[in-house]
Colleague: 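Please read through the structure below; I'll follow up with questions.
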Amino acid sequence: MAKAKLSDEVKTYIMQALACFDSPSVVAAAVKKEFGVDVSHDPNKKAASGLAPKWKALFGETRKTFLEDTATIAISHRAVRLRALQRMAEKAEIQSNMVLAASLLKQAAEEVGNAYTNRRELTGKDGKDLPVPVSPVTIFQLPDNDRS
């Protein structure tokens with residue numbers, strides 16, 4: 001059975017979706033829904049070794065841009081995550097699921113308190129330097145003949 005030839009629009013869609021780490025099955029389902037075409041394709045596999053250079057370049061460029069630019073991913077922003085947590089917490093309360101609501105409230109508090117970042121404030125009160133910890137040190141003197 002001969003394979004249907006894919007349009008450049010479909011090929012571009014496939015390359016960009018795979019470059020953004022969508023799984024081949026997710027891409028195939030999206031292509032089916034969006035374009036009405038059945039596909040199974042992954043440019044990381046050996047079957048993709050015969051791809052034209054322009055498709056490999058598109059994949060590489062899209063992957064690089066995707067990895068460098070998280071600003072376009074909504075959930076990477078704290079405000080988006082907090083709004084989603086707000087909606088979930090409200091729904092949990094309406095459904096009288098207080099355990100889930102409490103868990104979501106805790107997660108929101110941790111989000112606001114930077115619990116999900118690797119940034120830590122390393123200053124003392126009012127932005128001043130932290131005090132240097134003083135540890136007890138035993139001071140002893142060597143006899144004069146042992147000094148170098």
Colleague: Going from CG on L104 to CD on E93, what distance comes out if it is rounded to the nearest 0.5 angstrom?
Modeller: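 The CD atom of E93 is 9.5 Å from CG of L104, to the nearest 0.5 Å.
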Colleague: Apply salt bridge (Lys or Arg N to Asp or Glu O under 4.0 Å) to K64 and list each qualifying residue two or more places apart in sequence or on a separate chain.
Modeller: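 Listed in chain order: E68.
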Colleague: Is there side-chain contact between L51 and M15, with at least one heavy-atom pair below 4.5 Å?
Modeller: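 Side-chain contact under 4.5 Å: yes.
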Colleague: Do L100 and L105 belong together in a cluster built from hydrophobic side chains that touch within less than 4.5 Å?
Modeller: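 Different hydrophobic clusters.
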Colleague: Of all heavy-atom pairs between V37 and V31, which one has the smallest distance, and what is that distance?
Modeller: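 So the two residues come closest at O-CG1, 3.6 Å.
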Colleague: Write down the atom of D38, the atom of K32, and the distance for their closest heavy-atom approach.
Modeller: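 Scanning both residues completely, I find the closest heavy atoms to be OD1-CD, 3.1 Å.
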Colleague: Provide the closest heavy-atom pair for T62 versus C20 in the form atom of the first, atom of the second, distance.
Modeller: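 Answer, listing the atom of T62 first, then C20: CG2-SG, 4.1 Å.
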Colleague: Do the non-hydrogen side-chain atoms of R87 and K91 ever get within less than 4.5 Å of each other?
Modeller: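 Sidechains of K91 and R87: no contact.
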Colleague: When hydrophobic residues are tied together by side-chain contacts of less than 4.5 Å, even through go-betweens, does V27 share a cluster with F66?
Modeller: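 Different hydrophobic clusters.
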Colleague: Ignoring hydrogens, what is the shortest heavy-atom contact between D8 and K54? Give both atom names and the distance.
Modeller: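 What the structure gives for the nearest pair is OD2-NZ, 3.6 Å.
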Colleague: Check whether any side-chain heavy atom of L18 lies under 4.5 Å from a side-chain heavy atom of Y13, and answer yes or no.
Modeller: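 Contact flag for L18/Y13 side chains = no.
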Colleague: Specify the closest pair of heavy atoms between A89 and A101, including all atoms of both residues, with the distance to one decimal.
Modeller: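 The answer is O-CB, 4.3 Å.
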Colleague: Where is the tightest heavy-atom contact between Q16 and L58, given as atom of each residue plus distance?
Modeller: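 Between these two residues, the closest heavy atoms are NE2-CD1, 4.0 Å.
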Colleague: For D69, what residues pass the salt bridge (Lys or Arg N to Asp or Glu O under 4.0 Å) criterion, not counting sequence neighbours?
Modeller: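 By the salt bridge (Lys or Arg N to Asp or Glu O under 4.0 Å) rule, D69 matches no residue at all.
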Colleague: Holding to side chain to side chain donor-acceptor pair (under 3.5 Å), I want the full list of residues that pass it with E61, two or more places apart in sequence or in another chain.
Modeller: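 Once residues adjacent in sequence are excluded, E61 has no partner under the side chain to side chain donor-acceptor pair (under 3.5 Å) criterion.
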Colleague: Take E111 and Q107 through the side chain to side chain donor-acceptor pair (under 3.5 Å) test and state the conclusion after the steps.
Modeller: CA-CA 6 Å; E111 180 74 48; Q107 186 174 346; 5.8 Å; no
Colleague: Should I14 and W55 be counted in the same cluster of Ile, Leu, Val, Met, Phe, Trp and Tyr side chains packed under 4.5 Å apart?
Modeller: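 Yes, one cluster joins them.
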Colleague: Between R81 and S76 (side chain of the first, backbone of the second, donor and acceptor by atom type, cut-off under 3.5 Å), is there such a pair?
Modeller: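 It does hold such a pair.
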Colleague: Is it true that F21 and I73 fall in one hydrophobic cluster, defined by side-chain heavy atoms closer than 4.5 Å?
Modeller: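 Cluster IDs for F21 and I73 match.
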